[in-house]
Amino acid sequence: MAAVEQVEDAAYRGSVRDDTAVIARWLLDHLGQRITTVGLGLRDASVVRRYARGEVQPPQERAARLRLLYRVGRTVADAYDAETARAFLTGSNPQLGDRAPLVVIADDPTEHAASEVIGAVRALLHG
C-alpha cells in the first residue's frame with residue numbers, strides 16, 4: 001500500500017507544482033495528442049502543443065482540467081504503465097456511472113468531478 005500512496009502523492013505534487021508547459025508536455029508524451037486534446041475539452045491539438053511549448057497559458061478552467069488529467073494519468077501510468085493509463089481514461093468505468101474518466105474530466109472540471117475521478121483511480125489502485 002505504501003508504494004501506491006507514494007505514486008499518488010507524487011502525481012498530486014506534480015499536478016500542483018509543475019508549470020502547465022511541463023504538464024502539457026508530459027500529457028502529450030505519455031497519453032498522446034488525442035486523449036490530451038479531448039480531456040481538455042478542445043477540438044484542435046495545436047492549442048495543446050502551444051501550451052506544451054509555453055507559448056500561451058491556459059485559461060483557469062482549462063488549467064484545472066490539465067492538472068487533473070495529469071494527476072490521473074500520471075498516477076495510473078506510474079502504478080502500471082502509459083498504456084493502462086490510456087485504457088483507464090478512455091474506458092467505461094463503473095465508478096463513474098459507466099462514463100469514461102476522460103469524458104468526466106472534459107465535461108466538468110469542478111471539484112465534484114475531480115473527486116469522482118480520483119475515487120475511480122483509487123478503486124483501480126486498491127482494487
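Model, not experiment: these values are computed from the prediction.
- Residue Glu55 qualifies as enclosed at atom CD: its count of foreign heavy atoms under 6.0 Å is above 12.
- For the residue pair Gly73 and Ala85, the shortest heavy atom distance occurs at O-CB, 3.6 Å.
- In this structure, the side chains of Val4 and His126 come closer than 4.5 Å at one or more pairs of heavy atoms.
- In this structure, Ile23 CD1 and Arg67 CZ are separated by 4.0 Å, a value rounded to the nearest 0.5 Å.
- When the shell of 6.0 Å around OH of Tyr12 is examined, it contains 12 or fewer heavy atoms from other residues, nucleotides or ligands.
- A donor-acceptor contact closer than 3.5 angstrom links the side chains of Arg62 and Tyr51.
- At a threshold of 4.5 Å between non-hydrogen side-chain atoms, the residues Pro101 and Leu96 count as touching.
- With a 4.5 Å cut-off on side-chain heavy atoms, Leu66 and Leu40 count as touching.
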Show your reasoning for whether side chain to side chain contact (heavy atoms under 4.5 Å, CB included) applies to Gln95 and Val121. CA-CA 9 Å; Gln95 300 288 325; Val121 169; over 6 Å; no
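- Residue Ala79 comes nearest to Val7 through the heavy atom pair N-CG1, 3.8 Å, listed as atom of the first residue, atom of the second, then distance.
- The backbone N or O of Val56 sits nowhere less than 3.5 Å from a side-chain atom of Arg50 that would complete a donor-acceptor pair.
- Counting only residues at least two apart or in different chains, ring-ring contact (aromatic ring centres under 6.0 Å, His included) contacts with residues 19-50 comprise Trp26-His30, Trp26-Tyr70.
- By the criterion of side-chain heavy atoms lying less than 4.5 angstrom apart, applied directly or through intervening Ile, Leu, Val, Met, Phe, Trp or Tyr residues, Leu124 is grouped together with Leu102 in one hydrophobic cluster.
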Evaluate the salt bridge (Lys or Arg N to Asp or Glu O under 4.0 Å) criterion for residues Asp18 and Arg13: first the C-alpha distance (whole Å), next the side-chain angles of each, then the deciding distance (0.1 Å), finally the verdict. CA-CA 8 Å; Asp18 290 348; Arg13 282 192 308 276; over 6 Å; no
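- For Gln57, the CD atom sits in a packed shell: over 12 heavy atoms of surrounding residues, nucleotides or ligands are nearer than 6.0 Å.
- With sequence neighbours excluded, no residue satisfies side chain to side chain donor-acceptor pair (under 3.5 Å) with Arg34.
- Salt bridge present: Arg122 and Glu8 bring a charged side-chain N and a carboxylate O closer than 4.0 Å.
- A 4.5 Å side-chain heavy-atom check between Leu31 and Leu69 finds at least one atom pair inside the cut-off.
- For the residue pair Arg71 and Ser15, the shortest heavy atom distance occurs at CB-CB, 3.9 Å.
- Side-chain contact between Leu89 and Ile105: present, with at least one pair of heavy atoms (C-beta onward) separated by less than 4.5 Å.
- A single hydrophobic cluster is not seen to contain both Val76 and Val103; linkage of ILVMFWY side chains at heavy-atom distances under 4.5 Å, directly or through other members, places them apart.
- Under the 4.5 Å side-chain criterion, counting only non-hydrogen atoms from C-beta, Arg43 is not in contact with Val38.
- In this structure, the side chain to side chain contact (heavy atoms under 4.5 Å, CB included) partners of Thr37, at least two apart in sequence or on a different chain, are Gln33, Leu42, Ala45, Val48.
- Looking only at distances, no side-chain donor or acceptor of Thr84 sits under 3.5 Å from a matching main-chain atom of Tyr80.
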